[in-house]
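Treat the numbers as computed from the prediction; the structure is a model and nothing was measured.
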Amino acid sequence: MRSNSFVPTFAPARWTRLLLKSLGPGVITGAADDDPSGIATYSVAGAQLGTKLLWTALLTWPLMAAVQMMCARIGMVTGKGLAGNFSQRFPKWLLRVFVLALLAANTINIAADLAGMADAAEMLSGVKAHFFVVVFALLISWATVRLRYHQIANVLKWLVLVLFAYPITAFVVGADWGQVVRDTLVPPMPHTRDEWSMLVAILGTTISPYLFFWQASEEVEEEKAAGLNSLSQRRGATAIELQLRKMDVGVGTFFSNAVMFFIILTTAITLNRHGITHIETTRQAAEALRPLAGKFAATLFTAGIVGVGFLAIPTLAGSAAYAFAETLGWRQGLDKKLKQARAFYTLILLSTGVGVALDFVGINPVKALYWTAVINGLLAPFLLVAILLVASDRKLMQGQPSSPLGWAVVAITTVAMFAAGVAMFVV
């Protein structure tokens, strides 16, 4: 176990270098949250409700940051992912319900993300979308199996840059910034069932179960990449490591929620303002932008969907595979070769393959992903209760449980998500 007794003071320049070097798991997880399905959910929110839900981006940043940091802390301190820790606190049947629900939701999400990417690529190239569904799935699957964790992580870090397309698009389109500030700082609360279900969907796609599992497992992979291959070597974390990861997670979640804000804003000031309130695909959102915001804005919006899909799909498939591997005792890890972790990689490939099949049977991808976001919003608070119990267990957490403030914020998040879910059914 690593010592936590001495915390040296660093010069600002050295601290900055350490921070830049540490950026990775938090930034990747935050950016993966803005996957094509998330983009579609935010686009639907902006088109249907205008700027009414802009305030949610301000609310979800600290909530998401606290949740992801708690998951990161669990992975860093215990040396195991979430499912591995859950197995020591909860009945096996309950854990299997969790991971099966995660796999189902993630597979539908993969299908929706592939469809969104393919539609965007068709708009940019003129080639039929089904061709791109297969090509993107094969390319992502090959990279996930053939590349090692540090190679995948480095690629994902650079893909984060594609998300800058959305703030740029919002500024290209132009907005009434006075109204934007009012709706952001003075939130109009939802009143109808549709508005409450949209709020649950936004919470479900922002504070999403697959991100919980991915964040913790990614911390374990980071430690393995640093040469800490045994569980005993990975246990514990220094104060500096935890502080740097907190900054990493803070940056990643801020960026994620800023992008969410600008997607809602862009679709609100173009589609909603011109009476286009019913969209069913990300392609419809992008096509509607073209005559209203110009070709450049529409192209930026579309290109961003393709780029972020390459970031999100490995995260979706990988998080379910990690959860299953820890639950069932499989050999696991993106640092291993195919022959060393066959079941782990088989589940990744199977999940991606089923996602492709769903795209060919004619499901409506945006409706599927919207209700997946709602399901995630209903499932997440139950998982958060489990995370809170693990994070406060001094034995599991090697004497380094979550801070009282962090625990309180995640508890508030849990209550808020339960409340929004109940409101969706009773309003």
**Q** Checking Trp214 side chain against Gly318 main chain: does a donor-acceptor pair fall under 3.5 Å?
**A**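 No.
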
**Q** Any chance you could lay out the side-chain contact (heavy atoms from CB on, under 4.5 Å) test for Phe212 and Leu384, step after step, and finish with the verdict?
**A** CA-CA 9 Å; Phe212 309 163; Leu384 288 176; 3.8 Å; yes

**Q** Is there side-chain contact between Tyr42 and Thr267, with at least one heavy-atom pair below 4.5 Å?
**A**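 Of all side-chain heavy-atom pairs linking Thr267 with Tyr42, none is under 4.5 Å.
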
**Q** What are the two closest heavy atoms between Ile387 and Phe86, and how far apart are they?
**A**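 Heavy-atom minimum between the residues: CG1-CZ, 3.8 Å.
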
**Q** Side-chain contact test, heavy atoms from C-beta onward, threshold under 4.5 Å: evaluate it for Leu102 versus Phe98 and give yes or no.
**A**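 In short, these two side chains do not touch, never coming nearer than 4.5 Å.
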
**Q** Quick check: does any side chain N or O of Tyr345 sit under 3.5 Å from a backbone N or O of Lys336, one acting as donor and the other as acceptor?
**A**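 Answer holds: yes.
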
**Q** Kindly say whether the aromatic ring centers of Phe344 and Trp330 come within a distance under 6.0 Å.
**A**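 Centroid distance Phe344-Trp330: not below 6.0 Å, so no.
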
**Q** Kindly say whether the aromatic ring centers of Phe418 and Phe382 come within a distance under 6.0 Å.
**A**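 Yes, the ring of Phe418 comes within the 6.0 Å limit of the ring of Phe382, centre to centre.
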
**Q** Is the backbone of Ile348 close enough, under 3.5 Å, to the side chain of Ser351 for a donor and an acceptor to pair up by distance?
**A**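 Not at all, since once roles are kept as given, no pair shorter than 3.5 Å links the two residues.
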
**Q** Side chain of Arg73, backbone of Pro401: donor and acceptor closer than 3.5 Å?
**A**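 Yes, the answer is positive, given that a donor and an acceptor are paired below the 3.5 Å cut-off.
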
**Q** Out of curiosity, Leu54 CG to Phe262 CZ, how far, rounded to the nearest 0.5 Å?
**A**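 Taking CG in Leu54 and CZ in Phe262, the distance rounds to 9.5 Å.
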
**Q** Without swapping roles, check the side chain of Gln68 against the backbone of Leu211 for a donor-acceptor pair under 3.5 Å.
**A**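 Judged by distance alone, yes, a pair lies under 3.5 Å.
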
**Q** Within the side chain of Asp393, is there an N or O that forms a donor-acceptor pair under 3.5 Å with the backbone of Leu389?
**A**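 Checking the backbone N and O of Leu389 against the side chain of Asp393, no donor-acceptor pair under 3.5 Å is found.
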
**Q** Indicate the atoms forming the closest heavy-atom contact of Gln400 with Gly236, along with that distance.
**A**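 For Gln400 and Gly236, the tightest heavy-atom pair comes out as OE1-CA, 3.3 Å.
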
**Q** Nearest 0.5 Å please: distance from the CG atom of Leu350 over to the OG1 atom of Thr346.
**A**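 Spacing of CG (Leu350) from OG1 (Thr346) equals 8.0 Å.
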
**Q** Taking side-chain hydrogen bond (donor to acceptor under 3.5 Å, both in side chains) as the test, write out the residues that go with Thr51, two or more places apart.
**A**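 side-chain hydrogen bond (donor to acceptor under 3.5 Å, both in side chains) list for Thr51, sorted by chain: Asp183.
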
**Q** With the side chain counted from C-beta on, respond yes when Val356 and Phe360 share a heavy-atom pair under 4.5 Å apart, and no when they do not.
**A**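 Side chain of Val356 against side chain of Phe360, heavy atoms only: contact under 4.5 Å found.
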
**Q** Closest approach of Met117 and Ile140, non-hydrogen atoms and distance?
**A**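 Closest approach of Met117 to Ile140, heavy atoms only: CE-CD1, 4.5 Å.
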
**Q** Do Tyr322 and Val220 have side-chain heavy atoms sitting under 4.5 Å apart?
**A**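 No, side chains not in contact.
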
**Q** Is the backbone N or O of Gly252 less than 3.5 Å from a side-chain atom of Ser256, with the two atoms forming a donor-acceptor pair by type?
**A**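 Side chain of Ser256 to backbone of Gly252: no pair is present.
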
**Q** Show the nearest heavy-atom pair for residues Ala323 and Val99, with the distance to one decimal.
**A**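 It is CB-CG1, 3.7 Å.
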
**Q** Is it the case that Thr206 and Asn257 place a side-chain donor and acceptor less than 3.5 Å from each other?
**A**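 No donor-acceptor contact under 3.5 Å links the two side chains.
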
**Q** Considering non-hydrogen atoms only, spot the tightest contact between Leu95 and Ala83 and give its length.
**A**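 Looking at all heavy atoms of both residues, the shortest contact is CD2-O, 3.7 Å.
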
**Q** Atom NZ of residue position Lys52 - does it have more than 12 heavy atoms of other residues, nucleotides or ligands inside 6.0 Å?
**A**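 Result for NZ/Lys52: open.
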
**Q** Between Gln340 and Lys337, is there a donor-acceptor pair closer than 3.5 Å when you use the side chain of the first and the backbone of the second?
**A**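 Confirmed, Gln340 side chain pairs with Lys337 backbone.
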
**Q** Does the pair Arg234/Glu219 count as a salt bridge with the N-to-O cut at 4.0 Å?
**A**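 Salt bridge: no.
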
**Q** Are Val249 and Gln215 close enough that some pair of their side-chain heavy atoms sits under 4.5 Å apart?
**A**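 Yes - at least one pair of side-chain heavy atoms lies under 4.5 Å apart.
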
**Q** Backbone N or O of Ile313 within a donor-acceptor pair of the Asp113 side chain at under 3.5 Å?
**A**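 No; judged by distance alone, with no hydrogens or angles, the pair does not exist.
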
**Q** To check you understand the geometry: which heavy-atom pair defines the closest contact between Met70 and Val410, and what is its length?
**A**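 Nearest heavy atoms, Met70 then Val410: CE-CG2, 3.7 Å.
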
**Q** For the pair Phe254 and Trp61, name the ring-plane relationship: parallel under 30°, tilted 30 to 60°, perpendicular over 60°.
**A**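 Phe254 vs Trp61 ring planes: perpendicular.
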
**Q** Can you check whether Ser87 reaches Thr327 side chain to side chain, under 4.5 Å on heavy atoms?
**A**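 With C-beta onward as the side chain, the pair stays apart.
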
**Q** Are any of the side-chain heavy atoms of Met260 and Ile202 separated by less than 4.5 Å?
**A**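 Met260 reaches Ile202 side chain to side chain.
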
**Q** Answer yes or no: is there a side-chain heavy-atom contact under 4.5 Å between Thr184 and Phe261?
**A**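 When only atoms from C-beta onward are counted, Phe261 and Thr184 do touch, with a gap below 4.5 Å.
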
**Q** Check the pair Met69 / Leu242 against side-chain contact (heavy atoms from CB on, under 4.5 Å), numbers first and verdict last.
**A** CA-CA 9 Å; Met69 186 57 212; Leu242 290 170; 4.3 Å; yes

**Q** Going by the rule ring-ring contact (aromatic ring centres under 6.0 Å, His included), which residues pair with Trp55 if we only count those two or more places apart in sequence or in a different chain?
**A**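 Per chain and number, Trp55 pairs via ring-ring contact (aromatic ring centres under 6.0 Å, His included) with no residue.
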
**Q** Do Ser392 side-chain atoms and Leu388 backbone N/O form a donor-acceptor pair below 3.5 Å?
**A**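 Yes, Ser392 side chain to Leu388 backbone: donor-acceptor pair under 3.5 Å.
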
**Q** With sequence neighbours excluded, what pairs up with Lys224 under the side-chain hydrogen bond (donor to acceptor under 3.5 Å, both in side chains) test?
**A**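 Here no residue qualifies.
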
**Q** If you round to the nearest 0.5 Å, how far is CG of Leu396 from CZ of Arg235?
**A**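 Reported to 0.5 Å precision, the distance equals 9.5 Å.
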
